[in-house]
Number of protein chains: 2
Amino acid sequence: MKNQDFINKLRNSGLRPTKQRIKICEALFNTEKTFHFTVNDLAKMMQKNFNEKISLATVYNTLHAFKKKGYVKEISLGNDKSYFDTNISSHHHFFDTKTNELIDIDSSKVELKNIPNPPKGKSIKDIDIVINVENDSQ
Amino acid sequence: MKNQDFINKLRNSGLRPTKQRIKICEALFNTEKTFHFTVNDLAKMMQKNFNEKISLATVYNTLHAFKKKGYVKEISLGNDKSYFDTNISSHHHFFDTKTNELIDIDSSKVELKNIPNPPKGKSIKDIDIVINVENDSQ
DNA sequence: AATTTACTTTATAATTAGTCTAAAGTAGAA
DNA sequence: TTCTACTTTAGACTAATTATAAAGTAAATT
Ligand SMILES: [Mn+2]
Ligand SMILES: [Mn+2]
Ligand SMILES: [Zn+2]
Ligand SMILES: [Zn+2]
């Protein structure tokens, strides 16, 4: 994907293609593989790898906007900070509680045997499965 | 359970039975049903229902101590604050994303069809399943 | 093209959950 | 009763996130 594609993508979804948003698109979507990151990770990545100092507020704004448009997912763990995910397909995670590393689980590799009925009057929005892992202490 | 039982329970697990810990035991374990709560919930509950002003630091200390002893569980959601659970049996949750209400799912009602192999060198500690729900918008 | 408008970025302040600290208090051992 | 180690506490501190309001910029209007 090239620059102009991002501009179109942004414009098509009603977001003005600003310099900051385009650069963030490059960082997030011009990659071979999808990945997980925190707001801070991204801010630093923009600075170092893209030579673009973007204010934290803008990083938050942009990620929330992208999330609303479905371009990224937000993953919340017990970890007091939240993670974003450029893999927007429906999938679950391993989470290394020692290193705070998130690892995708292939969709087909984990499935519920039975989905319980939600409490009366409520309906299911989505399901998060997190498998906490740790390094084998040799 | 009466007061003396809590004192023994605490002493047996190497925790000094202080006034604060005993009162918190009463609040948490002298109930018909198990329940979910935040640190703030508990601090307020102690004040109002038990006439016991316990400093926030102590509430944190006590909950972390109780967690380590296995008397409560901690549940982490995207919600920036964490929840504690007096239901220490292995179980999963519905989470109402609008009201921030946690609801137990009976252990038998949800089960994985297949547990994926953890990444090489890591082993599974535990699995958290959260089914996000919302009120039917009538 | 110049002007206007609405949206966006930014620095900075505010909020909030949680941790840390060091002094004062207390349970249990001696 | 005295001593010691553990505990409680107020208040300072940290860190993620949100709010504010001024300055900047993309797009629409003239
Ligand atoms: Mn925590
Ligand atoms: Mn959040
Ligand atoms: Zn993922
Ligand atoms: Zn529960």
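All chains are named by letter (A, B, ...) in the order of the sequence lines, taking the proteins before the strands, and each is independently numbered beginning at 1.
Atom pair B:M46:CE and D:dT8:P shows a separation of 12 Å (rounding to whole Å applied). Taking atom CD1 of B:I24 as the reference point, atom C1' of D:dT9 lies 13 Å away to the nearest angstrom. We find that CD1 of B:I7 is positioned 14 Å from C1' of C:dT26, with the value rounded to whole Å. Atom NZ of A:K44 is separated from atom P of D:dA15 by 11 Å (rounded to the nearest Å). In this structure, A:D80 atom CG and C:dT16 atom C1' are separated by 12 Å, rounded to whole Å. Spacing between atom CG of B:L63 and atom P of C:dT19 amounts to 11 Å, rounded to whole angstrom units. In this structure, B:H64 places its NE2 atom 11 Å from C1' of C:dA17, rounding to the nearest Å. Nucleotide D:dT17 holds its P atom 13 Å from the CG atom of A:L42, rounded to whole Å.
Sorted by first and then second residue, the salt bridge (Lys or Arg N to Asp or Glu O under 4.0 Å) pairs involving residues 9-28 of chain B (not counting sequence neighbours) are B:K19-B:E52. The stretch residues 119-129 of chain B participates, sequence neighbours left out, in these salt bridge (Lys or Arg N to Asp or Glu O under 4.0 Å) pairs: A:D96-B:K122, A:E101-B:K122, A:E134-B:K125. Annotation: salt bridge (Lys or Arg N to Asp or Glu O under 4.0 Å) contacts involving residues 55-73 of chain B, sequence neighbours excluded, comprise B:K67-B:E74.
Checking the phosphate oxygens (OP1, OP2) of D:dT17, a side-chain nitrogen or oxygen of A:S82 falls inside 4.0 Å.
With sequence neighbours excluded, no residue forms a side chain to side chain donor-acceptor pair (under 3.5 Å) with B:S107. Scored by the side chain to side chain donor-acceptor pair (under 3.5 Å) test, B:T34 finds no partners at all (sequence neighbours excluded). Listed by chain and residue number, A:E111 satisfy the salt bridge (charged side-chain N to carboxylate O under 4.0 Å, His left out) test with B:K113 (two or more places apart in sequence, or in another chain).
Using a 4.0 Å cutoff on non-hydrogen atoms, no part of residues 95-104 of chain B comes near DNA chain C.
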| remark: Each nucleotide of nucleotides 7-13 of chain C classed B (base within 4.0 Å of a protein heavy atom), S (only sugar-phosphate) or -, in 5' to 3' order, makes BSBBB--
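Contact check for A:D85 versus A:D104: side-chain heavy atoms found under the 4.5 Å cut-off. No side-chain heavy atom of B:F29 sits under 4.5 Å from any side-chain heavy atom of B:I24.
Under the 4.5 angstrom side-chain criterion for Ile, Leu, Val, Met, Phe, Trp and Tyr, the cluster partners of B:I131 are A:F94, A:I103, A:I105, A:V110, A:L112, A:I115, A:I124, A:I127, A:I129, A:I131, A:V133, B:F94, B:I103, B:I105, B:V110, B:L112, B:I115, B:I124, B:I127, B:I129, B:V133.
Between C:dA17, C:dG28, D:dA16, one nucleotide has an atom nearer to the side chain of B:R11 than all others, and that is C:dG28. Side chain of B:K81, nearest nucleotide from D:dT17, C:dG18, D:dA27: C:dG18.
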